Amino acid sequence: MKILIADAFDSRLPARLAQFGEVTDKLDDLKDAEVVLIRSKTQVDAAFLAKAPKLRLVIRGGVGMDNVDKKACAARDVRAVATPKASSIAVAELTMALMVAIPARLIEGHLGMREGKFLKNELERTELSGKTLGLIGAGAIATEVARRAAAFGMRVIAYDPYVKVHPLAEMKPNLGALVAEADVISLHVPLTDETRGMIDAALIAKMKDGVILVNTGRGKCVVEADLAAALQSGKVRAYGTDVWTSDPPPADCVLLKAPNVVMCPHLGASSKENLGRIGDEVIAILKDFPRK
Ligand code: NAD
């Protein structure tokens, strides 16, 4: 069985996979591969599948199958699975890092020091304690964020049409009710037809003035031009994001130059520990996968 590792995984994984067959990272080997391992970079669509006549299994290391055309896979009888359990802590920690860095003015303070400026009087800090965190999506990552936010003294509310009760968050009946109460909003939804562009001018208008928005979910959940305008006007005080419409974002992405944006290059799932856990889930999937 030939296994193609198409995206970035734990450096120890190829050796661990050798028990299942021949392991390669050369894209030319797609034509012979029965198993392909991807993360968020590789797009598995009809064109990709056409180059992979022997493919039987796609493993998406991480959460979110928006880069996999599941219908095209099903039509070819290719199984497509993710490793949904591994990444929650890694993404929750990065979410908290963005959430803490913004009101602490960490980036501006750091860059000021680099430029020889001591901005002690210029940078006004605020605290997370006592503020309300609004979670959009109340799944695995949101739950880990809720746990950490509670430790910071935040009140946690959430909106998720598929979760009625949550042990750590007060559920709100709709998005409008959530954003009207939140001082900080954090996105933890998959990219679907429902969530694509959900943060638009109409929803932003319902948010508190000076709200902080954090996005470690998906870049396409945000209408970038609407958010850039809200950052420009100060309606949204700051946007902390790990996710973009593509990896990397196009050079003309308006958020790259908008004010008060704290940016990460899609690092959410990439902790060393998490890559190890993703590897464990990949091995478990392959152990259960019938060899021909
Ligand atoms: P999850 O499936 O446990 O939780 C997602 C939640 O979103 C579910 O509870 C679902 O009911 C809810 N949801 C779906 N549609 C919704 C809507 N319209 N409004 C509100 N809630 C809705 O998944 P998870 O592990 O918590 O991951 C969430 C997302 O985070 C992933 O789908 C992926 O897009 C993103 N993610 C990003 C990174 C990163 O590197 N930044 C890593 C992993 C996952």
Side-chain angles (χ1 to χ4, degrees), residues 7-10 38-42 59-68 70 80-99 133-149 156-179 182 185-200 202-203 206 213-223 239-249 262-275 277-278 281:
D7 290 341
F9 279 80
D10 182 13
I38 59 159
R39 289 192 54 219
S40 53
K41 192 166 158 236
T42 297
I59 305 179
R60 192 312 201 191
V63 194
M65 296 289 273
D66 40 293
N67 53 329
V68 177
K70 284 194 191 160
V81 291
T83 61
K85 291 186 216 128
S87 304
S88 310
I89 287 173
V91 183
E93 285 196 8
L94 190 79
T95 306
M96 293 311 295
L98 290 167
M99 213 185 285
L133 169 64
L135 298 169
I136 303 184
I141 295 170
T143 298
E144 293 301 333
V145 171
R147 209 184 303 286
R148 286 156 179 76
V156 183
I157 59 176
Y159 166 69
D160 188 321
Y162 309 102
V163 175
K164 295 294 160 234
V165 184
H166 191 280
L168 303 173
E170 179 189 327
M171 297 307 294
K172 293 288 161 185
N174 54 60
L175 259 184
L178 179 98
V179 302
I185 295 171
S186 192
L187 252 100
H188 301 288
V189 287
L191 182 66
T192 65
D193 289 344
E194 265 175 15
T195 64
R196 190 183 304 274
M198 76 196 310
I199 307 290
D200 60 4
L203 190 69
K206 294 180 186 161
L213 190 61
V214 174
N215 189 1
T216 56
R218 281 291 176 263
K220 287 179 180 165
C221 296
V222 167
V223 178
Y239 179 52
T241 189
D242 185 41
V243 285
W244 305 92
T245 54
S246 62
D247 280 1
V262 175
M263 302 180 247
C264 268
H266 204 167
L267 292 178
S270 302
S271 70
K272 186 178 172 201
E273 293 86 345
N274 189 41
L275 293 178
R277 285 190 297 268
I278 288 175
E281 282 197 50

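Everything numeric here is computed off the predicted structure, so don't read it as measured data. When a ligand or atom number is given, it counts from 1 through the structure's own listing order.
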If you measure from each heavy atom of G217 to ligand 1, is any distance below 4.0 Å? yes

Looking at atom 2 (O) of ligand 1, tell me if a protein heavy atom falls under 4.0 Å from it. no

All heavy atoms of F9 vs all of I38, minimum pair found to be CZ-O, 3.2 Å

Nearest heavy-atom pair of C264 and L98: which atoms, and what distance? SG-CD2, 4.4 Å

Would you name the heavy atoms of P248 and S246 that are closest together and state the gap between them? O-OG, 2.8 Å

Distance under 4.0 Å to a non-hydrogen atom of G139: what atoms of ligand 1 satisfy this? 3 (O), 4 (O), 6 (C), 9 (O), 26 (O)

Checking the side chain of N215 only, and the main-chain atoms of T241 only, is there a donor and an acceptor separated by less than 3.5 Å? no

Should N67 and S40 be marked as a side chain to side chain donor-acceptor pair (under 3.5 Å) after you check the CA-CA gap, both sets of side-chain angles, and the distance that decides it? CA-CA 6 Å; N67 53 329; S40 53; 5.7 Å; no

Sub-4.0 Å heavy-atom contact, G62 with ligand 1: no

Looking only at atom types and distance, does a side-chain atom of T216 sit under 3.5 Å from a main-chain N or O of D242, one as donor and one as acceptor? no

Output yes when R277 and E273 qualify as a salt bridge under the 4.0 Å nitrogen-oxygen rule, no when they do not. no

Regarding atom 11 (O) of ligand 1: of the candidates N174, D160, D247, which has the closest heavy atom? D160

Between the side chain of R39 and the main-chain N/O of A8, is any donor-acceptor distance below 3.5 Å? yes

N/O to N/O below 3.5 Å, does that happen between P84 and ligand 1? no

Please confirm whether S87 comes within less than 3.5 Å of ligand 1 when only nitrogen or oxygen atoms on both sides are compared. no

Could you find the nearest protein heavy atom to atom 41 (N) of ligand 1 and give me its residue, atom name and distance? D242 OD2, 2.9 Å

At under 4.0 Å between heavy atoms, what of R218 touches ligand 1? The answer is side chain

Return yes or no for this condition: an N or O of D66 is under 3.5 Å from an N or O of ligand 1. no

Under 4.0 Å from any heavy atom of P190, which atoms of ligand 1 are there? 5 (C), 7 (O), 14 (C), 32 (O), 34 (O)

Hey, which atoms in ligand 1 end up nearer than 4.0 Å to a heavy atom of Y159? 19 (N), 20 (C), 21 (N)

With heavy atoms of G137 as the reference, note each atom of ligand 1 found under 4.0 Å away. 7 (O), 20 (C), 21 (N)

Given that the side chain starts at C-beta and the backbone is N, CA, C, O, which of these parts of I141 lies under 4.0 Å from ligand 1, counting heavy atoms, or is it both or neither? both

Need the ligand 1 atom indices (1-based, order shown) with element for anything under 4.0 Å from a heavy-atom of H188. 5 (C), 6 (C), 7 (O), 28 (C)

Go through ligand 1 atom by atom and flag the ones less than 4.0 Å from a non-hydrogen atom of E194. 15 (N), 17 (C), 18 (N)

N/O donor-acceptor pair under 3.5 Å between D247 side chain and K41 backbone: no

Do L168 and T143 come close enough that some side-chain heavy atom pair is under 4.5 Å? yes

Distance from atom 37 (C) of ligand 1 to nearest protein heavy atom, with residue and atom: T216 O, 3.0 Å

Nearest heavy-atom neighbours spanning C221 and P190: SG-O, 4.4 Å

Among the heavy atoms of T192, does any lie under 4.0 Å from an atom of ligand 1? no

Short list, please: which atoms of ligand 1 are under 4.0 Å from a heavy atom of V91? 38 (C), 42 (C), 43 (C)

Can you tell me the protein heavy atom closest to atom 23 (O) of ligand 1 and the distance? V63 CG1, 4.0 Å

K220 vs D66 side-chain heavy atoms within contact, under 4.5 Å: no

Any M96 side-chain heavy atom under 4.5 Å of M99 side chain: yes

Any N or O of A142 that comes nearer than 3.5 Å to an N or O of ligand 1? no

What protein heavy atom lies closest to atom 17 (C) of ligand 1? Include the residue and the distance to one decimal. P161 CD, 3.7 Å

All heavy atoms of P265 vs all of W244, minimum pair found to be CA-NE1, 4.5 Å

Nearest heavy-atom neighbours spanning G197 and V223: O-CG2, 3.6 Å

Check V189 against ligand 1 and report side chain, backbone, both or neither, counting heavy atoms closer than 4.0 Å. both

Could you check atom 39 (C) of ligand 1 against the protein and tell me its nearest heavy-atom contact, residue, atom and distance included? H266 NE2, 3.5 Å

T195 and ligand 1 - part of the residue with a heavy-atom distance under 4.0 Å: side chain

Could you tell me if the side chain of L133 sits less than 4.5 Å from the side chain of V145, heavy atoms only? yes

Per-atom filter on ligand 1: closer than 4.0 angstrom to a heavy atom of G268 are 39 (C), 40 (O), 41 (N)

Residue and atom name of the nearest protein heavy atom (relative to atom 15 (N) of ligand 1), distance in Å to one decimal: Y162 CE1, 3.6 Å

